[in-house]
Amino acid sequence: MWDRLWINARLATMTEGAAYGAVEKGAIASADGRIAWVGPLAELPDRPAALAREVIDLEGRWITPGLIDCHTHLVYGGNRAREFELRLEGASYEEIARAGGGIRNTVKATREASEEELRAGALPRLKSLLAEGVTTLEIKSGYGLNLETELKQLRVARSLGKDLPVTVSTTFLGAHALPPEFEGDSDGYIDAVCAMMPEVASSGLADVVDAFCETIGFSYEQTKRVFQAARDNGLPVKLHADQLSDLEGAKLAAEFGALSADHLEYTSEAGAQAMAEAGTVAVLLPGAFYFLRETKQPPLEAFRNAGVPIALATDSNPGSSPATSLLLMLNMACTLFRMTPEEALLGVTRHGAQALGLRESRGTLEVGKVADLCIWDIESPAELAYRIGFNPLVTSVKDGRDVECCSS
Ligand SMILES: N=CN[C@@H](CCC(=O)O)C(=O)O
Ligand SMILES: [Zn+2]
């Protein structure tokens, strides 16, 4: 017997086929935290009450897979509201970074914070994401830039996943910026990051390794060394690539079979082609594009033509995207990048799961996958991208159970 059965539901399964993989008059069941049955209500093998311990009549509400935010920097100290003011007075993101502000400001605050303080700062941001139906998210380090603080951030990220109803995928981003103690010696810092890799890997605190390949970050060659060290230690990679200039980060990510390359405003057609061949997901981050008032659009058409799966994320961070609404990112991706609402929803479900290497277990409503669901009070899935600042979530379901903690 199944544990739970939701009937009279409209399902956006996000599988291939019909738009949104929609099933108009559907049903879905969970058993032991997994999806046990999904399909048209009329095809249920027996009366609902004979099939499950609990039957829930959704009266036509929509169900989607639980949402996935595949790129965040959620755990950090302090905030950068002062830099927001400076940028409004005319300073650019790059100028602030070159003058020793930017990421380095957050590094100072993160080094000074205790684990408890970092956790207390991250909790309301995480709860805001959960209240909109996020059931899986990625959290990066990258504001420590020394082994001790990077591990501190990763421990906080892991603990959030243990204590809240959310699956957390963790990412070691040691090569995020040059720490002040390595000023003038970026190669020396990359040596240090590579030297951290064995302990990062053996700690079990990081699922993936990331780097910031950019003129204000690290070069192609330096990023390649970080990726090689990750590979030598059995960790998969992803990359902050081609955000402010084309350093061929997309190509490098593809060469290493990266799970994803993220940002990608300056990616060339050849970079998109390489990603398609490698199965690397393009993660677009409209929050950073908006907040930094970027003008160069990511090459959406090149990704579509090459068949690159496109994901979307908040990039929640204090400097370039202080966002804690994934639904807002759906709207921004459509308005700013001209993605369709269906592409946007795929970006935070099926393709978001793929970007985290979780395609087998999450991201679609299919038998055998984890029973992470969102139940929405909407007339069509396009409404999730259409509205601005409105949350139509009725409830989310994590591992088959209703999420109680974070309703708005
Ligand atoms: N691009 C680099 N990292 C972040 C920004 C971090 C920060 O400014 O604190 C990003 O993904 O946008
Ligand atoms: Zn980022």
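Both counts, for ligands and for their atoms, begin at 1 and track the order of listing.
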Practice task
For the residue pair F337 and L284, establish whether any side-chain heavy-atom pair is separated by less than 4.5 Å.
Solution key: yes

Practice task
Taking all non-hydrogen atoms of both residues into account, name the closest pair between A29 and L5 and its distance.
Solution key: CB-CD1, 3.9 Å

Handout entry: Y290: partners by ring-ring contact (aromatic ring centres under 6.0 Å, His included), with sequence neighbours left out
Key = none

Practice task
Please confirm whether R10 makes a cation-pi placement over Y20, using NZ or CZ under 6.0 Å from the six-membered ring centre and within 45° of the ring normal.
Solution key: no

Problem - Residue and atom, protein N/O/S, under 2.8 Å of the Zn ion (ligand 2) - result: H71 NE2, H73 NE2, H240 NE2, D315 OD1

Completion exercise
among protein heavy atoms, the one nearest atom 12 (O) of ligand 1 is S320 OG, 2.6 Å

Problem - Main-chain N/O of A250 paired to D242 side chain as donor or acceptor, under 3.5 Å - result: yes

Practice task
Determine, considering heavy atoms only, which of R104, E83, H176, K140 sits nearest to atom 3 (N) of ligand 1.
Solution key: H176

Handout entry: K296 to Y266, cation-pi by 6.0 Å centre distance and 45° axis angle
Key = yes

Problem - Atoms of ligand 1 close to N317 [distance to a heavy atom under 4.0 angstrom, numbered from 1] - result: 4 (C), 5 (C), 6 (C), 7 (C), 8 (O), 9 (O), 10 (C), 12 (O)

Completion exercise
For F212, the atoms of ligand 1 under 4.0 Å from one of its heavy atoms are 1 (N), 2 (C)

Completion exercise
side-chain contact (heavy atoms from CB on, under 4.5 Å) test vs H73 passes for just one of D210, T171, N317, T314, namely N317

Exercise for the section: Give yes or no for whether the N/O distance cutoff of 3.5 Å, strictly under, is met between T106 and ligand 1. Expected result: no

Fill in the blank from the handout: ligand 1 atoms nearer than 4.0 angstrom to some heavy atom of D315 are 10 (C), 11 (O), 12 (O)

Practice task
Of the side chain and backbone of Y76, name the one, both, or neither that has a heavy atom under 4.0 Å from an atom of ligand 1.
Solution key: neither

Exercise for the section: Please identify which atoms of ligand 1 are closer than 4.0 Å to at least one heavy atom of Y143. Expected result: 6 (C), 7 (C), 9 (O)

Completion exercise
Taking only non-hydrogen atoms of Q243 and a 4.0 Å limit, the atoms of ligand 1 in range are 1 (N)

Exercise for the section: Give me the one residue out of L393, L129, L137, L326 that meets side-chain contact (heavy atoms from CB on, under 4.5 Å) with L67. Expected result: L326

Exercise for the section: Give a yes/no verdict on a cation-pi contact between R87 and F84, requiring under 6.0 Å between NZ or CZ and the six-membered ring centre and an angle within 45° of the axis. Expected result: no

Exercise for the section: Report the part of R80 in contact with ligand 1, treating N, CA, C, O as backbone and CB onward as side chain, heavy atoms under 4.0 Å; options are side chain, backbone, both, neither. Expected result: side chain

Problem - No-hydrogen, no-angle side-chain donor-acceptor test under 3.5 Å, S141 and E150 - result: yes

Practice task
Heavy-atom contacts with Y93 under 4.0 Å: which atoms of ligand 1 show up? List them by number with element.
Solution key: 5 (C), 6 (C), 7 (C), 8 (O)

Exercise for the section: Sort out for me which residue in L384, I375, L373 forms a side-chain contact (heavy atoms from CB on, under 4.5 Å) with T64. Expected result: L384

Exercise for the section: Indicate whether the side chain of S186 and that of Q222 have a donor and an acceptor atom separated by less than 3.5 Å. Expected result: yes

Fill in the blank from the handout: One finds that the ligand 1 atoms under 4.0 Å from a non-hydrogen atom of H71 are 11 (O)

